[in-house]
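Remarks on the structure that follows.
Hydrogens, waters and symmetry mates play no part in the numbers below; they use all other heavy atoms, side chains included. Naming convention: chains lettered A, B, ... in sequence-line order (proteins, then strands); numbering from 1 in each chain.
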Amino acid sequence: MARPNEEVAAHLQEYADLISITGDEQFKARVYEKAARSVAGYPEDISKADVKTLRGIPNVGASIADKIVEYFHDGGTFAALEELRAKIPAGVRRMIEIPTLGPKRAMTLYEQLHVSSVEELSAAIDEGRLQGLKGFGARTEDNLRHGIELLHHAGDRLLVNAAMEVAENVVDALSTVDGCVRCTYAGSLRRMRETIGDVDVLAAAERSDALMAAFVGLPLVAEVIAHGAAKTSIRTATGLQVDLRVVPPSAWGAALQYFTGAKAHNIRTREIAVRHKLKLSEYGLFDAPTNTLIVSETEEEVYERLGLPWIPPPLREDRGEIEAALSGELPDLIQTKDLRGDLHTHTNLTDGVASLAEMVGAAARLGYAYLAITDHAPNLFMQRMSDEKMLAQREELRALAAEHPKLQLLHGTELNIDPDGEVDWPAGFLAGFDLCVASVHSHFNQSRKEMTRRFVRACENPHVNIIGHPTGRLIGRRQPYDVDLEVVYEAAARTGTALELNASPERLDLSAEHLIQARRHGVRFAINSDAHATTHLPNLRYGVGTAQRGWLTADEVINTWPLRKLRTFLNKSAS
DNA sequence: GCCGTTTTCGGCCCGACTGTTTTCAGTCG
């Protein structure tokens, strides 16, 4: 079940879409869009909020606050939305998801041809009914046909690591092109979103033609969508869109600022510019009356001239970072270099593919100060763990310690939280571990009440130090457990149990949104790779990206701490 | 419909590319 805030946001967004399809009151549509984003990002549950509280949410005024109250009172809708739903079939709204078809021409198709679904549009094209319709030429017909294809085969958004691989390949290739001064990826990838819709690459050069030619000639290009002097877009065989923008080297900072921020963040920064009688574009910050350039070379200059400190890319979502920047309250975000070690890793003793020695060697080469090995406990029966195997691994670990004087090795385990909240092994055996991660690996379908109690009991176990992947989601594949996380956050903070930020790109669990909620309770976090191979250890970069999106500082993350402080935290029963 | 360094009305981000048009509207990010 989605949070109430997200349900309301979805309905406000639908209302905005329907307003924009009707064609009048475009500014009203924009306000509802802005309100939808504000509501989705508002940290408190709004289902019980009164009108006064609701009006305190940015972009929510009297009219929208009333509609939200009405929404909760009338079982999930409001009258104005129902009126527009009655006017515009749901299929017409679905039509604007077709690439190249927007609200204006969707409405034309509906009014002129009574086309009210993607399927009817397909049929209308095949029957030649679009011919002669004003604004719809032969090319438009082809584009709509192709757009419908894409809509039907639209791959889901890519996981961040898959998109990163494509982006780094493109950047590497373009960086060697003659005349290329700088090249990097921007967009949602630079903001480290957990999934990526398309990849944005930015290059600086005096002339763009060589870069554009090299780009469309890359082996990964399956289709060229648009090919201009400033911007070229391609699609790969897997359907991923990659955009290349080329700007003059002197405009690098303004362009990077423009192509990094979420749309909402960019609108906010441009609005600030307008208030200062300035104009901000990808080419620079200009004095509006005279159109003379003020700054453009670095992002820092652009933000500074707007009266803002430089804002780290993962924060650029219009989720309060502008306000925090204006009041000098931006968080000092955790950095990858702050992490001293990894507290959740596996070996081939259970389901990992690397040996203990290989995992330890890889961590030593990465310069970690400490590493915890946390193989699965016996109740995950398929892994065939036993007391003897675990104790033998501990001996082997202690022996390896001598070979790696700079790396402190911790012997741990990943326990299974059973349906009652109990874990593998009696307390006496658990006391022999340096730390215990505990995770849910079965009985995913318990009621919300049972699942919540299960997590709280695990937190209350004096030997459980970290709750592993707390929601259990697999991005795009498995829904999170139904659990009251607010109660879990409270229990974790109260008992000195850290919540994991599992850095595996298919999990990223807790998510950035959950981190923002959890940190309000004073929760401590552990950013762990959950590596099942040495190549997974560097996935911590995605965990740090997610942590930054969740506004985390280094001191909130236990594996940035020196070992002595970490050991005190791990010794729960003593405190 | 919201908002305020243009403050209770009048404005609301900016530019690139495409297609259909012949000077611009629509879409996208």
Which pairs count as side-chain hydrogen bond (donor to acceptor under 3.5 Å, both in side chains) when at least one residue sits in residues 102-111 of chain A, sequence neighbours excluded? none
Separation of the P atoms in B/dC17 and B/dG11, to the nearest angstrom: 31 Å
A/Glu486 and A/Arg520 ion-paired at < 4.0 Å: no
Suppose the criterion is side-chain hydrogen bond (donor to acceptor under 3.5 Å, both in side chains): which pairs have a residue in residues 198-208 of chain A, not counting sequence neighbours? A/Arg207-A/Asp209
Does anything in residues 244-264 of chain A reach DNA chain B, meaning a heavy atom under 4.0 Å, and if so which residues? A/Arg245, A/Tyr258, A/Lys263
So, using side-chain hydrogen bond (donor to acceptor under 3.5 Å, both in side chains) as the criterion, who are the partners of A/Arg37 when residues are at least two apart? none
Do other residues, nucleotides or ligands put more than 12 heavy atoms under 6.0 Å from the CD atom of A/Glu97? yes
So which of residues 303-326 of chain A are in contact with DNA chain B, with a heavy-atom cut-off of under 4.0 Å? none
Strictly below 4.0 Å, N to O, side chains only: are A/Arg270 and A/Glu282 in salt-bridge contact? yes
With a 4.0 Å heavy-atom cut-off, tell me which residues in residues 26-35 of chain A come close to DNA chain B, sorted by residue number. A/Phe27, A/Lys28, A/Arg30, A/Val31, A/Tyr32
Taking atom C1' in both B/dT7 and B/dC2, compute the distance separating them and give it to the nearest angstrom. 13 Å
5' priority, DNA chain B, between A/Thr232 and A/Ile96 [closest heavy atom]: A/Thr232
Would one find more than 12 heavy atoms of other residues, nucleotides or ligands at under 6.0 Å from atom CZ of A/Arg305? no
Report, one pair per line, the protein and nucleotides 9-11 of chain B atoms (nitrogen or oxygen only) whose separation is under 3.5 Å.
none

How would you label the contact of A/Ala62 with the nucleic acid (heavy atoms, under 4.0 Å): base, sugar-phosphate, or nothing? sugar-phosphate
Would you call A/Glu14 and A/Arg85 a salt bridge, using N to O less than 4.0 angstrom? yes
For A/Glu321, give me all partners under side-chain contact (heavy atoms from CB on, under 4.5 Å), at least two apart in sequence or on another chain. A/His265, A/Ile311, A/Leu315, A/Asp318, A/Arg319, A/Leu330, A/Trp551
Tell me whether the OP1 or OP2 atom of B/dG19 has a side-chain N or O from A/Thr140 closer than 4.0 Å. no
More than 12 foreign heavy atoms under 6.0 Å from CG of A/Asp332: is that the case here? no
Can you tell me how far P in B/dC12 sits from the matching atom in B/dT5, rounded to whole Å? 15 Å
Hey, does A/Leu144 reach any base, or is it just sugar-phosphate, or nothing, if we go heavy atoms under 4.0 Å? nothing
Name the one of A/Tyr15, A/Tyr71, A/Phe72 that satisfies ring-ring contact (aromatic ring centres under 6.0 Å, His included) with A/Phe78? A/Tyr15
At under 4.0 Å, does any side-chain N or O of A/Asn143 touch on OP1 or OP2 of B/dG19? yes
Given the C1' atoms of B/dT20 and B/dA25, what is the spacing between them in whole Å? 9 Å
Tell me whether the side-chain N/O atoms of A/Arg139 come closer than 4.0 Å to OP1 or OP2 in B/dG19. yes
Listing request: all side-chain hydrogen bond (donor to acceptor under 3.5 Å, both in side chains) pairs with a residue in residues 159-182 of chain A, at least two apart in sequence or in separate chains. A/Glu168-A/Arg541
At less than 4.0 Å, is any side-chain N or O atom of A/Thr100 found next to OP1 or OP2 of B/dC28? Yes or no. no
So that I can tick it off, tell me whether A/Arg549 and A/Glu194 are bridged by a salt bridge, with the cut-off set at under 4.0 angstrom between side-chain N and carboxylate O. no
In plain terms, say whether A/Lys87 and A/Glu82 are close enough for a salt bridge, that is, a side-chain N and a carboxylate O under 4.0 Å apart. no
Just jot down the ring pair (Phe, Tyr, Trp, His ring centres under 6.0 Å) partners of A/His521, sequence neighbours excluded, or say none. A/Tyr489
Compare side-chain N and O positions of A/Lys279 against OP1 and OP2 of B/dG15 and report whether any pair is under 4.0 Å apart. yes
Position toward the 5' end of DNA chain B (nearest nucleotide), A/Lys134 or A/Leu278: A/Leu278
B/dG26: pairing nucleotide in any strand, Watson-Crick or G-U under 3.5 angstrom: B/dC17
Check A/Glu506 with A/Arg473, please: is the shortest side-chain N to carboxylate O separation under 4.0 Å? no
Roughly how many Å apart are B/dC13 and B/dT8, using the C1' atom of each and rounding to a whole number? 24 Å
Whole-Å P distance, B/dG15 and B/dG10: 26 Å
Nearest-Å distance for atom pair CD/C1', residues A/Glu141 and B/dT18: 16 Å
Going by side-chain contact (heavy atoms from CB on, under 4.5 Å), name the residues that satisfy it together with A/Val224, two or more places apart in sequence or in a different chain. A/Val216, A/Val221, A/His227, A/Ile234
Please give, in whole Å, the distance from B/dC13 P to A/His276 NE2? 16 Å
Ionic contact status for A/Glu33 with A/Arg30, cut-off 4.0 Å: no
Residue-level proximity of residues 280-293 of chain A to DNA chain B when a heavy atom falls under 4.0 Å: A/Leu280, A/Ser281, A/Glu282, A/Tyr283
Round to a whole Å and report the spacing from CE of A/Met212 to C1' of B/dA16. 10 Å
